[in-house]
Number of protein chains: 2
Amino acid sequence: MVSCPKCNEVSAVQKAGIVRGKQRYCCKSCDFHFTLPDLTTAPQTKRHQVTIVDIAEELGISKSTVSRALRGHTDIHAGTRQMVLDLAQQLEYQPNPLANALLKSKTNTVGIIVPEFRHYFFPATIIGAQEVLSAAGYNVMICQSDESYETEVANVKALMSSRVDGLLVSLSSQTNNFDHFRAVQRRDVPLVFFNRVCPELDTPQVVVEDYAGAFAAVEHLIEQGYRRIAHLTGPSTLQVSHLRLQGYLDALQKHGLVPENELIIHYDLTPEKARIYANYLLSLPQPPDAIFALNDPTAIEIMLVAKARGVKIPQELGVVGFSNDPMSAIIEPPLTTVAQPVHEIGRQAAQLLLEQMNDAPPRRAVLTTQLLVRGSSQLERQKK
Amino acid sequence: MVSCPKCNEVSAVQKAGIVRGKQRYCCKSCDFHFTLPDLTTAPQTKRHQVTIVDIAEELGISKSTVSRALRGHTDIHAGTRQMVLDLAQQLEYQPNPLANALLKSKTNTVGIIVPEFRHYFFPATIIGAQEVLSAAGYNVMICQSDESYETEVANVKALMSSRVDGLLVSLSSQTNNFDHFRAVQRRDVPLVFFNRVCPELDTPQVVVEDYAGAFAAVEHLIEQGYRRIAHLTGPSTLQVSHLRLQGYLDALQKHGLVPENELIIHYDLTPEKARIYANYLLSLPQPPDAIFALNDPTAIEIMLVAKARGVKIPQELGVVGFSNDPMSAIIEPPLTTVAQPVHEIGRQAAQLLLEQMNDAPPRRAVLTTQLLVRGSSQLERQKK
DNA sequence: AAAACTATCGGGAACTTTCCCGAAAAAGGT
DNA sequence: ACCTTTTTCGGGAAAGTTCCCGATAGTTTT
């Protein structure tokens with residue numbers, strides 16, 4: 001009852017096992033194995049994206065020629081090119097970037113990893129980076145490490161497996177092992193750090209004058225008459241912590257003040273811990289009369305704690321932050337802070353990445369900071 | 001001096017034009033055209049990403065088998081699979097998602113378009129969305145329309161050309177033409193709106209109880225004793241503007257207050273305009289004694305303007321916002337606001353998108369709001 | 001008019017992976 | 001010993017594009 005599709009023989013056909021649930025036959029006369037075609041499969045009206053092959057067939061030319069026309073190649077007749085261009089427009093042809101990416105192993109996508117998204121700073125840097133990158137034709141993939149080393153490693157892995165063409169990173173506060181970035185370098189993927197930079201790896205980076213900014217901030221506090229100045233800063237793994245601490249220490253020393261260990265606190269940058277340490281500082285037998293914080297979110301937490309405890313700012317406590325977060329202008333009294341060009345940090349980082357991708361020599365960009373004196377630290381003016 | 005690579009003839013070879021800058025020859029004896037191979041091209045030590053073919057060759061098996069082993073297919077010998085797995089690990093094999101994407105036309109990437117990045121709200125929703133999406137194995141591509149219709153169109157175009165598998169959108173305040181989203185639907189790309197939803201298109205969407213929240217906010221103001229309540233809201237193109245306005249109007253009506261046109265202002269949500277209209281309202285011959293703002297950033301601008309003019313909050317002016325932006329707790333007096341579950345909005349939106357991708361019936365999610373009464377609107381308590 | 005050249009175009013490999021289907025080898029059944 | 005079944009594997013197409021290279025037809029030069 002089954003005829004061989006090759007010799008049309010019927011009698012010589014016999015069963016020959018089952019393959020993937022379908023009966024298989026063997027024609028003894030022509031020694032041909034076969035299974036019966038499945039007629040139940042639907043015709044599959046799957047919508048077909050219009051490709052250059054469609055255009056080529058429609059026009060009766062080769063796909064090479066269509067590609068040339070679309071890519072603006074010279075090696076083509078002006079009339080042919082116009083024909084192709086017209087039809088492409090009419091058919092709403094959109095080139096498939098995946099095919100191109102596969103061919104060139106270049107995705108035109110860069111990954112950005114930031115520690116968090118809650119405050120103003122990192123979203124603002126991303127805005128700047130995106131500005132430059134999308135102008136250069138790159139898409140952007142954004143990840144947050146959530147200040148966690150493990151998440152950061154996972155982010156790097158995910159972005160690398162997505163085959164990004166470059167990586168823009170601001171480290172998590174936990175990170176003190178950089179093997180995941182060494183793996184990035186080993187694969188020759190351009191890598192740029194900004195703000196939270198990596199001290200061990202030799203990559204382009206964007207930073208601000210952390211030392212100078214911190215120095216200016218603390219000197220300002222001293223000039224205002226504060227004498228017992230505490231410093232609430234980030235984990236010692238972060239270079240910004242280190243540099244700003246150094247600026248703090250040197251400013252104290254310059255003015256003959258002796259730093260005290262109990263007034264220098266490293267913490268993990270969570271709001272909860274900020275409150276705990278602010279309370280701790282204000283509960284000391286000899287509480288500080290001013291606090292210089294690593295960043296504005298920290299400074300604001302300090303101010304909230306101080307307010308809750310009835311400590312008057314700036315009379316009983318001077319506070320200075322870092323970054324000029326919009327909140328610092330809103331809070332009362334307005335927060336004195338070291339302003340840094342947030343958008344420009346992102347722009348510069350993107351710029352350095354583009355340079356890396358063009359094999360330019362690695363650069364290090366240092367942006368300027370500016371002390372914005374506001375109400376939270378103006379002791380003398382209050383006194384007058 | 002030039003010998004034919006086919007018949008090794010020398011005398012019969014003659015020039016035959018120039019092709020792409022290289023001399024071309026023709027052997028008259030065997031009628032063979034050829035150019036001399038270019039010896040100057042570097043050997044190209046281009047680092048080769050390890051592929052399944054590499055593994056297959058190393059093991060002397062076919063790439064199909066390697067693929068089966070890696071994909072955990074059943075149709076394979078346990079020993080062979082282990083062999084492949086071991087070598088893959090040793091060679092640090094990473095599958096190329098591009099090839100897969102090209103084959104399946106599925107990029108495992110979703111695009112998110114939000115109007116802006118400056119305030120707390122949208123980054124927070126993105127955090128929520130990313131949470132759900134990356135758990136489902138999707139990468140995320142984020143764009144900002146910058147409240148511009150043109151940029152939004154460009155964003156949609158860019159994401160579509162990147163072949164995202166889905167789109168999560170919160171509309172720009174300018175958008176009143178939705179053709180770019182119709183194009184998305186035409187291509188069968190799942191689309192979900194959140195917060196700033198599209199009234200014309202039949203898509204899943206995530207919103208909050210805008211009407212109820214606004215009604216509660218205004219009713220609260222009335223109960224506090226405010227009588228001349230203004231409303232500063234967004235462009236009428238936005239559904240949130242419309243719904244919150246309606247809540248405002250109905251609350252007034254319920255309590256026998258007559259809405260006045262000069263107290264209802266639509267604006268483009270820029271900080272500059274917020275300040276201008278706040279000043280305008282406070283300069284009226286009969287200024288309002290309370291303002292209900294579309295969102296917290298607007299409310300905060302209003303408070304700043306009021307403070308600058310010496311208008312006391314809440315005594316002379318009650319203010320209520322919407323969203324519970326962290327700033328609203330910081331500012332003094334703290335801002336009464338209608339809280340909405342920002343992260344949950346993002347999570348829900350992502351959830352609806354995933355459902356769409358699995359061809360589930362489109363849903364509309366409505367999340368609850370909660371009025372947080374704070375200092376900026378507590379007239380009675382002040383009076384006591 | 002032969003030789004040399006130019007302007008265009010087509011063919012096909014390559015990129016990496018998955019999947020369909022047929023084939024071989026091994027195992028089981030009578 | 002022969003047939004059937006199962007297990008395991010290989011070949012090759014497909015996805016969409018770019019690019020290299022050879023091949024024409026027509027044009028100019030000698």
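Since this is a predicted model, take the numbers as computed values, not measurements. Chain letters run A, B, ... following the sequence lines, proteins first and then strands; every chain starts at 1.
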| request: Determine whether B:V66 and B:Y93 make a side-chain contact, defined as any pair of heavy atoms from C-beta on separated by less than 4.5 Å. | output: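 No - every pair of side-chain heavy atoms lies 4.5 Å or more apart.
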May I ask you to test the B:T80-B:T65 pair for a side-chain heavy-atom distance under 4.5 Å?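 Yes; the side chains approach each other to less than 4.5 Å.
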Drop me the distance from [X]'s [atom1] to [Y]'s [atom2], to the nearest 0.5 angstrom.
| X | Y | atom1 | atom2 | answer |
| --- | --- | --- | --- | --- |
| B:E152 | B:E150 | CD | CD | 10.0 Å |
| B:N139 | B:L133 | CG | CG | 9.5 Å |
| B:I76 | B:L70 | CD1 | CG | 9.0 Å |

If the cut-off is 4.0 Å, is [X] near the phosphate of [N], judged by side-chain N/O to OP1 or OP2?
| X | N | answer |
| --- | --- | --- |
| B:Q23 | C:dA4 | no |
| B:S67 | C:dT18 | yes |
| A:Y25 | D:dT4 | no |

*With a 4.0 Å cut-off on heavy atoms, is B:D75 in touch with a base, just the backbone sugar-phosphate, or nothing at all?*
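Base contact.
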Near DNA chain D, counting only heavy atoms under 4.0 Å, which residues of residues 57-66 of chain A show up?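 Output list: A:K63, A:S64.
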I need the residues from residues 76-87 of chain B with at least one non-hydrogen atom less than 4.0 Å from DNA chain D; give them sorted by number, or say none.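 Contacts with DNA chain D under 4.0 Å: B:I76, B:H77, B:T80.
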- Out of D:dT17, C:dT17, D:dG16, which has the shortest distance to the side chain of A:L102?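 My answer, after comparing the listed nucleotides, is D:dG16.
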- B:K106 atom NZ: more than 12 heavy-atom contacts under 6.0 Å: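 Yes, enclosed.
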Closest-nucleotide mapping onto DNA chain D: is A:L70 or A:R24 further toward the 5' terminus? I mean the 5' end.
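Going by which nucleotide is closer to the 5' end, it is A:R24.
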Nearest heavy-atom neighbours spanning A:A349 and A:F194: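 In this case the closest contact between A:A349 and A:F194 is CB-CB, 4.0 Å.
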Is there a donor on the side chain of A:R68 or the base of C:dG10 sitting less than 3.5 Å from an acceptor on the other?
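Indeed there is one.
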